[in-house]
Amino acid sequence: MIKHLYLMRHGETLFNKRRKIQGWCDSPLTKTGILQAKAAKKCLKDISFDHYYSSTSERCCDTLEIIIGQDTPYKRLKQLKERNFGDFEGESEDLNPKRWSEFNYDDLFPHYGGEYTHDVVERMSKCLLEIMENDDHQNVLAVSHGGACYSFLSSVTDPNIVRDNGGFTNCCILHFEYNDGKFKYIDILRPEFS
């Protein structure tokens, strides 16, 4: 039986706006982030979800609660958190090594208490597989983070499909089909807001 996973990035945060490295540290949604979440709610209104999940980060929980309301139950999971950037948490994005340089982006953060990309891929994949293996989970919405979602996407398909077609901006939603222990990328939903 084919099931559906909608994996969403949280709305814009204060740290996104101020260009701060934001992994396990947290910051609140901006006014724009709230508007993005409201637009996502409209975009998803015709889908009947049977279960909801969120990273334990405030920015994800707040995004999900705008979409489903504060009285609708959902489960918070640490495994859906963003990559841990170690000592770089909360610092300027200018400290991020350029991914296209000779220096391997993945080599830096683990030396300062952060995670490797493969660690994020492994925990996200394991978590989402466990979620979708539940018999009563046909249509699931999970709110996570840009890097974590992108890491998971890379385990399913070439992430350049998304990166080269508008990127994975705040409140974008990756749609996957799940069947027989395997995920298949279907498309990306881009809520429009003004």
Side-chain angles (χ1 to χ4, degrees), residues 1-11 23-24 36-37 39-57 59-61 63-69 72-84 99 105-106 110 114-192:
M1 172 186 293
I2 294 176
K3 301 179 178 186
H4 297 272
L5 169 67
Y6 294 83
L7 183 59
M8 179 177 168
R9 183 182 179 191
H10 60 78
W24 283 18
Q36 290 167 334
K41 178 179 182 172
K42 288 180 187 173
C43 181
L44 297 170
K45 69 179 172 49
D46 295 329
I47 301 170
S48 295
F49 292 105
D50 42 49
H51 291 278
Y52 302 97
Y53 292 84
S54 175
S55 158
T56 55
S57 297
R59 60 195 186 264
C60 292
C61 294
T63 299
L64 183 58
E65 288 176 11
I66 289 168
I67 294 168
I68 65 173
T72 302
Y74 67 94
K75 190 165 186 178
R76 296 167 42 139
L77 297 173
K78 289 182 181 181
Q79 297 92 327
L80 295 176
K81 286 182 80 156
E82 180 60 285
R83 177 185 189 156
N84 182 345
R99 292 177 192 255
Y105 185 83
D106 212 34
E115 292 179 286
Y116 284 104
T117 301
H118 66 82
D119 294 328
V120 180
V121 170
E122 186 177 317
R123 74 172 155 81
M124 286 288 291
S125 297
K126 182 180 178 197
C127 177
L128 293 170
L129 180 68
E130 287 175 3
I131 287 171
M132 297 310 293
E133 276 297 303
N134 288 296
D135 290 337
D136 63 343
H137 286 51
Q138 302 306 312
N139 290 308
V140 174
L141 175 61
V143 180
S144 187
H145 308 266
C149 292
Y150 198 76
S151 293
F152 175 71
L153 177 65
S154 73
S155 73
V156 176
T157 191
D158 181 357
N160 290 325
I161 291 170
V162 170
R163 184 174 57 202
D164 296 342
N165 291 296
F168 192 56
T169 56
N170 293 100
C171 281
C172 279
I173 305 149
L174 299 171
H175 176 200
F176 298 92
E177 283 183 356
Y178 180 78
N179 189 23
D180 233 7
K182 295 190 185 328
F183 288 94
K184 177 183 176 186
Y185 172 74
I186 301 302
D187 62 2
I188 186 167
L189 307 174
R190 298 181 188 281
E192 294 182 18

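Everything numeric in this text was worked out from a predicted model, so none of it was measured.
- Atom CG of Asp164 sits in a crowded spot, with more than 12 heavy atoms from other residues, nucleotides or ligands closer than 6.0 Å.
- Among residues two or more places apart in sequence or in another chain, the ring-ring contact (aromatic ring centres under 6.0 Å, His included) test is passed with His118 by Tyr116.
- Looking at Lys81 and Ser57, their side chains come closer than 4.5 Å, going by heavy atoms from C-beta outward.
- With contacts defined as side-chain heavy-atom distances shorter than 4.5 Å, the pair His10/Glu82 does not qualify.
- Atom CG of residue Leu174 and atom CG of residue Asp187 lie 9.0 Å apart, to the nearest 0.5 angstrom.
- Legend: residues meeting side-chain contact (heavy atoms from CB on, under 4.5 Å) with Pro159, ordered by chain and number and at least two apart, are Tyr150, Leu153, Ser154.
- Using a 4.0 Å cut-off between charged nitrogen and carboxylate oxygen, Asp106 and Arg83 count as a salt-bridge pair.
- Looking at Thr63, its side chain does come within 3.5 Å of a backbone N or O of Gly11 through a donor-acceptor pair.
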Should Ile173 and Leu7 be marked as a side-chain contact (heavy atoms from CB on, under 4.5 Å) after you check the CA-CA gap, both sets of side-chain angles, and the distance that decides it? CA-CA 5 Å; Ile173 305 149; Leu7 183 59; over 6 Å; no
For Phe152 and Ser155: C-alpha separation, side-chain torsions, deciding distance, then whether side-chain contact (heavy atoms from CB on, under 4.5 Å) applies. CA-CA 5 Å; Phe152 175 71; Ser155 73; 3.8 Å; yes
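- Side-chain polar atoms of His145 and Ser55 form a donor-acceptor pair below 3.5 angstrom.
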Would Leu44 and Leu189 count as a side-chain contact (heavy atoms from CB on, under 4.5 Å) if you check the C-alpha gap in whole Å, the side-chain angles of each, and the deciding distance to 0.1 Å? CA-CA 9 Å; Leu44 297 170; Leu189 307 174; 4.0 Å; yes
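- Taken from CZ in Phe168 to CZ in Arg190, the straight-line distance is 9.0 Å, to the nearest 0.5 Å.
- The side-chain heavy atoms of Leu128 and Tyr53, taken from C-beta on, include no pair separated by under 4.5 Å.
- Proximity of Leu77 to Ile131: side-chain heavy atoms (C-beta onward) are separated by under 4.5 Å at one or more points.
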Could you check His175 against Ile188 for side-chain contact (heavy atoms from CB on, under 4.5 Å), going step by step and ending with a plain yes or no? CA-CA 6 Å; His175 176 200; Ile188 186 167; over 6 Å; no
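- The backbone N or O of Asp50 lies less than 3.5 Å from no partner atom in the side chain of Asn139, so there is not a single donor-acceptor pair.
- Counting heavy atoms from C-beta on, the side chains of Leu141 and Tyr74 never come closer than 4.5 Å.
- Asp119 is not listed as a side-chain neighbour of Asn84, based on a closest heavy-atom distance of 4.5 Å or more.
- Rounding to the nearest 0.5 angstrom, the gap separating the CD1 atom in Ile67 from the CZ atom in Phe49 is 8.5 Å.
- Within the 4.5 Å cutoff, the side chain of Glu177 has heavy atoms near those of the His4 side chain.
- Across all non-hydrogen atoms, the minimal contact from Arg76 to Thr56 is NH2-O, 3.1 Å.
- The shortest side-chain heavy-atom distance between Lys184 and Asn179 does not fall under the 4.5 Å cut-off.
- Here CE of Met8 is found 9.0 Å from CG of Asn170. Values are rounded to the nearest 0.5 Å.
- Qualifying ring-ring contact (aromatic ring centres under 6.0 Å, His included) partners for Tyr178, counting only residues two or more places apart in sequence or in other chains: Phe183.
- Between Ser144 and Cys60, the shortest heavy-atom contact is O-SG, 3.1 Å.
- Rounding to the nearest 0.5 Å gives a distance of 5.5 Å between OG of Ser54 and CG of Leu64.
- Between the side chain of Lys3 and the main chain of Val140, no donor-acceptor pair closer than 3.5 Å is present.
- Applying the side chain to side chain donor-acceptor pair (under 3.5 Å) rule to Tyr52 yields no partners; only residues at least two apart in sequence or on another chain are considered.
- Closest approach of Ala148 and Leu80 over heavy atoms only: CB-O, 4.5 Å.
- By the side chain to side chain donor-acceptor pair (under 3.5 Å) test, Asp136 pairs with His51, sequence neighbours left out.
- With sequence neighbours excluded, the residues satisfying salt bridge (charged side-chain N to carboxylate O under 4.0 Å, His left out) with Glu115 are Arg123.
- More than 12 heavy atoms of other residues, nucleotides or ligands sit less than 6.0 Å from atom CD of Glu65.
- In terms of heavy-atom proximity, Pro73 sits nearest to Ile68 at O-CD1, 4.5 Å.
- The distance from the CD atom of Gln36 to the SG atom of Cys171 is 5.0 Å, given to the nearest 0.5 Å.
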